[in-house]
Amino acid sequence: MNRRDPFHVTHARTHQRKVGSMKIGIIGAGNIGGNLTRRLTALGHDVSVANSRGPQTLTALVEETGATAVTAAEAAKGARIVVVTVPLKAVPALPPGFLDGAAEGVAVIDTGNYYPRERDGRIAAIEDGLPESRWTEEQIGHPVIKAFNGTYAQDILSNGRPSGSAGRQALPVAGDDAAAKRTVRDLIDELGFDTVDAGGIDESWRQQPGTPVYGDRGDVAAIEKALASASAERTADWRA
């Protein structure tokens, strides 16, 4: 969740089961992308990060984290996980074939949200009921795992807790590829959060803006309840 998120640079450290160092590409260096860069490098992952303005504008983040600044066309090279965290209106402008050099079986995380009035303008297919992440899949030509879209950026730094902690914050994760979903859920566990399987991408509307789970900082039980209570009808506040 990028809107109105507080921004701090303090690293929150947890003691999770290591999933092994991975090469991870992050496209988008805003609040979510920047804080994922901070946490994932702190956990020992090899992170390449890109934005729309070019690697030369990421000097401060690189110096802080040890990540590698690259172009969006280079971010996925060799990556086991690629995080796409750009405004929805910018998704069609991602470089053609940007995933071509990724590792076999790459898991692509979509953190995006449709904000038609504030940022993205009208996207007809989404207005007509297509889940936001299904639309993103169609634009990039690759399946995605929807995660972090309703997460406050600061939580990534400050709310992680060891596995088994009482009241541990949980994040919904949706996607059609079971192996990719498992990879993403394991990574989120390493970051210090439980996860709830929110179903396939056709069910991912349950975690879009305006739903009960969006912005919910609850534990597994709370997130499951919020997902179950969602309505497929997009409210007027979230329409163009």
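Taking all atoms of both residues into account, the shortest heavy-atom contact from Ala230 to Pro212 is CA-CD, 3.9 Å. Residue Thr85 comes nearest to Gly28 through the heavy atom pair CG2-O, 3.4 Å, listed as atom of the first residue, atom of the second, then distance. Contact record, Ala174 with Gly200: CB-O, 4.0 Å, taken as the closest heavy-atom pair. Between Ser165 and Pro162, the shortest heavy-atom distance links the atoms OG-O, 2.7 Å. Closest approach of Leu58 and Val49 over heavy atoms only: CD1-O, 3.5 Å. The minimum heavy-atom distance between Pro92 and Gln139, with the atom names listed, is CG-OE1, 3.8 Å.
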side-chain contact (heavy atoms from CB on, under 4.5 Å) between Val86 and Val91, worked out = CA-CA 7 Å; Val86 300; Val91 170; 3.9 Å; yes
Do Trp135 and Leu88 pass the side-chain contact (heavy atoms from CB on, under 4.5 Å) test, and can you show the C-alpha distance, the side-chain angles, and the key distance before you say yes or no?
-> CA-CA 9 Å; Trp135 180 86; Leu88 244 65; 3.9 Å; yes
Step-by-step salt bridge (Lys or Arg N to Asp or Glu O under 4.0 Å) determination, Arg217 to Asp155 | CA-CA 9 Å; Arg217 290 183 165 113; Asp155 291 354; 2.8 Å; yes
From CA spacing to verdict: side-chain contact (heavy atoms from CB on, under 4.5 Å), Leu61, Glu64 | CA-CA 5 Å; Leu61 183 62; Glu64 177 190 348; 4.3 Å; yes
How far apart are the C-alpha atoms of Asn149 and Gln207, what are their side-chain angles, what is the distance that settles it, and do they pass the side chain to side chain donor-acceptor pair (under 3.5 Å) test?
-> CA-CA 8 Å; Asn149 74 291; Gln207 64 193 80; 3.1 Å; yes
Apply the test side-chain contact (heavy atoms from CB on, under 4.5 Å) to residues Ile156 and Leu36: give CA-CA distance (whole Å), side-chain angles for both, the deciding distance (0.1 Å), then the verdict.
-> CA-CA 7 Å; Ile156 295 169; Leu36 283 173; 4.0 Å; yes
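Within the 4.5 Å cutoff, the side chain of Val196 has no heavy atoms near those of the Val173 side chain. Taking the side chain as every heavy atom from C-beta outward, Phe148 and Ile188 approach each other to under 4.5 Å. With a 4.5 Å cut-off on side-chain heavy atoms, Arg122 and Pro116 do not count as touching. At least one side-chain heavy atom of Pro55 sits less than 4.5 Å from a side-chain heavy atom of Thr71. Side-chain atoms of Leu171 and Ile223, non-hydrogen and from C-beta on, never get closer than 4.5 Å to each other. Using a 4.5 Å heavy-atom cutoff, the side chains of Pro209 and Tyr114 are not in contact. Side-chain contact between Ile109 and Val144 is absent, with no heavy atoms from C-beta onward closer than 4.5 Å. Between Glu137 and Ile201 the shortest side-chain heavy-atom distance falls below 4.5 Å.
In the hydrophobic clustering of ILVMFWY residues, with side-chain heavy atoms under 4.5 Å counting as a link, Val220 and Leu187 come out apart. Neither Trp205 nor Ile145 shares a network with the other; the hydrophobic side chains, linked directly or stepwise wherever heavy atoms of I, L, V, M, F, W or Y lie under 4.5 Å apart, form separate groups for each. One hydrophobic cluster, built from ILVMFWY side chains closer than 4.5 Å, cannot hold both Tyr152 and Val213; they sit in different ones. At a threshold of 4.5 Å between side-chain heavy atoms, the hydrophobic network of Ile, Leu, Val, Met, Phe, Trp and Tyr places Val84 and Ile126 in one connected group.
To the nearest 0.5 Å, the span separating CD1 on Ile26 from CG on Asn51 amounts to 12.0 Å. The CD1 atom of Ile24 lies 4.5 Å from the CG atom of Leu40; values are rounded to the nearest 0.5 Å. Annotation: the span from Thr41 atom OG1 to Arg39 atom CZ amounts to 9.0 Å, rounded to 0.5 Å. In this structure, OG in Ser229 is found 8.5 Å from CZ in Arg206, a value given to the nearest 0.5 Å. Rounding to the nearest 0.5 angstrom, the gap separating the CD1 atom in Ile27 from the CG atom in Leu99 is 6.5 Å. Interatomic distance, Leu94 CG to Ile140 CD1, rounded to the nearest 0.5 Å: 7.5 Å.
Screening Thr151, Asp194, Asn159 for a side-chain hydrogen bond (donor to acceptor under 3.5 Å, both in side chains) with Gln169, the sole residue that qualifies is Asn159. Checking each of Asp197, Asp186, Asp176 against Lys181 for a salt bridge (Lys or Arg N to Asp or Glu O under 4.0 Å) leaves exactly one that passes, namely Asp197.
At a cut-off of 3.5 Å, with distance as the only test, no side-chain donor of Thr211 or Gln208 sits close to an acceptor on the other residue. A donor and an acceptor atom, one from each side chain of Asp46 and Ser21, are nowhere located under 3.5 Å apart. There is a side-chain donor-acceptor pair under 3.5 Å between Lys23 and Ser48.
Side-chain N or O atoms of Asp219 include none that pairs as donor or acceptor with a backbone N or O of Arg168 at under 3.5 Å. Of the possible donor and acceptor atoms, none in the side chain of Arg80 sits under 3.5 Å from a partner among the backbone N and O of Met22. Under a 3.5 Å cut-off, the side chain of Lys89 and the backbone N or O of Arg119 do form a donor-acceptor pair. The backbone N or O of Arg239 lies less than 3.5 Å from a partner atom in the side chain of Arg117, making a donor-acceptor pair.
In this structure, Arg134 does not pair ionically with Asp110, as no charged nitrogen and carboxylate oxygen lie closer than 4.0 Å. Ion pairing of Lys77 with Glu74 is absent here, as no side-chain N (NZ or NE/NH1/NH2) approaches a carboxylate O to less than 4.0 Å. Looking at Arg234 and Glu132, a side-chain N of the basic residue comes within less than 4.0 Å of a carboxylate O on the acidic one, giving a salt bridge.
A perpendicular orientation is assigned to the rings of Trp238 and Tyr214, their planes being inclined by more than 60° (bins at 30° and 60°).
When the shell of 6.0 Å around CD of Gln56 is examined, it contains more than 12 heavy atoms from other residues, nucleotides or ligands.
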